[in-house]
Amino acid sequence: MGRDAADRLVWSLEQYGFVVAALAEAGPPEAQITALSAVLGLGDPYIPALYRYAEMKEYSASYSNIRSNPQDHHPGFSTTASQGWHVDGLLDKIGEIKTTILYCVRAAQQGGETLLFNSVAAFAELREEDPAAATALLSPDALKRRSTIPAMDMTSTGPAFSVDPDGNYITRYTDNDTCTWNFSADPVGALRAALDFLRAASEDPRYQRSVRLSPGQALIFRNDRMSHGRRSYKDTPGARRHLIRALYVNAPVSPS
Ligand SMILES: [Fe+2]
């Protein structure tokens, strides 16, 4: 990939929070992802805190295979079910994992689109419309997430939104079965209003996009600025949908 192409990817990621890259190079998927991450200055893949436990060794690879597997009990990777809004890194602190790459080896027969919700942009609107509700989401104990992997009863509590050292808003907004919201967070009653707002915003085409990847395409998104999910899908028998995921603590930077 040339410098101009890489610059365009970085620009789109900064502007929109995500971009789809069609990778023309031949070679095995992991080599393609490695080349892409090198061009974007992402460094080595990051293993999320949850998968660094000894019991989670099977999920601790730098490149995670996401495909249906009835023998496996990972609630996200191994099913064809839809996935609610979340950020990657259930136990990691807000903003830790800045970039996610999803590389498509094989698409589903039907469905399987990745959904993107610009939760930081929706939060900016909420700050204007209802500052008290926005404040509740910044509370350090607003959102507890709990692992739903069998026998891994781990939790992590933190704000749903925060400000990074550069003054940019960041998110861990998640709305799925890993979540327990602290409705007593100050100001009382405001968190309910905040969630109502974000749930409506996540359905609003101004903030939501659907991406269906084709083989050889990679979706790159800012995991610290966007929330994401997935539509359910149907596999072609003998040719399962197959994505490969890699996570990075760095944000993409132009190679110049
Ligand atoms: Fe995810």
Side-chain angles (χ1 to χ4, degrees), residues 17-18 45-53 55-56 59-60 64 74-76 83-100 115-127 130-149 151-202 207 221-230 245-251:
F18 73 99
Y46 171 81
I47 312 301
L50 178 61
Y51 302 142
R52 293 201 296 268
Y53 286 95
E55 304 92 311
M56 295 282 92
Y59 304 121
S60 65
S64 300
H74 192 290
Q83 277 187 306
W85 298 119
H86 66 282
V87 300
D88 291 333
L90 182 144
L91 295 184
D92 301 279
K93 70 176 194 297
I94 187 167
E96 180 81 21
I97 301 174
K98 294 185 178 60
T99 307
T100 296
L115 302 173
L116 293 158
F117 170 39
N118 193 336
S119 47
V120 160
F123 182 66
E125 187 182 340
L126 182 63
R127 292 200 311 278
D130 188 345
T135 298
L137 292 166
L138 295 167
S139 167
D141 58 358
L143 172 58
K144 180 198 281 186
R145 293 190 66 192
R146 178 184 300 278
S147 162
T148 53
I149 294 177
M152 289 302 291
D153 193 19
M154 308 287 179
T155 67
S156 174
T157 299
F161 293 85
S162 186
V163 182
D164 74 9
D166 296 327
N168 299 310
Y169 280 96
I170 50 177
T171 186
R172 66 190 274 273
Y173 174 69
T174 297
D175 190 15
N176 64 14
D177 57 357
T178 69
C179 294
T180 304
W181 292 94
N182 177 10
F183 290 103
S184 63
D186 278 343
V188 173
L191 187 62
R192 174 56 64 195
L195 290 185
D196 288 348
F197 178 90
L198 289 174
R199 283 173 181 156
S202 70
Y207 297 123
F221 64 86
R222 287 294 296 264
N223 186 60
D224 57 344
R225 297 184 184 174
M226 317 278 290
S227 304
H228 65 281
R230 175 181 78 201
R245 185 186 80 168
L247 306 173
Y248 303 87
V249 294
N250 295 314

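The figures that follow rest on heavy atoms only: side chains count, while hydrogens, waters and symmetry mates do not. Remember, predicted model here, so these are calculated numbers, not experimental data.
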Taking the side chain as every heavy atom from C-beta outward, state whether Asn118 and Phe18 have any atom pair closer than 4.5 Å. no
For Met152 and Leu50, the nearest pair of non-hydrogen atoms, with its separation, is CE-CD1, 4.2 Å
Nearest 0.5 Å, please: how far is CG in Leu191 from CH2 in Trp181? 6.0 Å
Taking side-chain hydrogen bond (donor to acceptor under 3.5 Å, both in side chains) as the definition, give me every residue that meets it alongside Asp153, ordered by chain and number, with sequence neighbours left out. Arg146
Is the backbone of Ile97 close enough, under 3.5 Å, to the side chain of Asn223 for a donor and an acceptor to pair up by distance? yes
List the atom of Phe123, the atom of Leu198, and the distance in Å for their closest heavy-atom pair. N-CD2, 4.5 Å
Over 60° means perpendicular and under 30° means parallel, so classify the ring planes of Tyr173 and Phe161, tilted if in between. parallel
4.5 Å side-chain heavy-atom contact, Thr171 and Met226: no
If every non-hydrogen atom of Asn250 is compared with every non-hydrogen atom of Thr99, which pair is closest and at what distance? O-OG1, 2.7 Å
Could you pull out all donor-acceptor pairs under 3.5 Å where a side-chain atom in residues 131-141 meets a protein atom, sequence neighbours excluded?
from	atom 1	to	atom 2	distance (Å)
Thr135	OG1	Pro131	O	2.9
Ser139	OG	Asp141	N	3.4
Ser139	OG	Asp141	OD1	2.8
Asp141	OD1	Asn182	ND2	3.4
Asp141	OD2	Asn182	ND2	3.2

Using side-chain heavy atoms (C-beta onward) and a distance below 4.5 Å, is Asp88 in contact with Tyr46? no
Any heavy-atom pair between the side chains of Cys179 and Leu143 that's under 4.5 Å? yes
Minimum heavy-atom separation for Phe183 to Arg192, with atom names? CZ-NH2, 3.2 Å
With a 4.5 Å heavy-atom cut-off, do Asp175 and Ser202 have their side chains touching? no
To the nearest 0.5 angstrom, please state how far the OH atom of Tyr248 sits from the OG1 atom of Thr100. 9.5 Å
Under a 3.5 Å distance rule, please check whether Asp166 uses its side chain to pair with a backbone N or O of Asn168 as donor and acceptor. no
Between CG on residue Asp164 and CD1 on residue Ile170, distance to nearest 0.5 Å: 5.5 Å
So, Arg145 and Ser156: side-chain donor and acceptor under 3.5 Å apart, yes or no? no
Closer than 3.5 angstrom, by distance alone: can the side chain of Ser227 be matched with the main-chain N or O of Ser119 as a donor-acceptor pair? no
Begin with the C-alpha distance, continue with both residues' side-chain angles, and end with the deciding distance and a verdict on side chain to side chain donor-acceptor pair (under 3.5 Å) for Thr174 and Asn176. CA-CA 6 Å; Thr174 297; Asn176 64 14; 5.7 Å; no
Closest heavy-atom pair and its distance - Gly95, Asp224: CA-CB, 3.9 Å
Main-chain N/O of His86 paired with His228 side-chain donor or acceptor, under 3.5 Å: yes
Closest non-hydrogen atom pair between Ala193 and Asp130, with its separation: CB-OD2, 4.0 Å
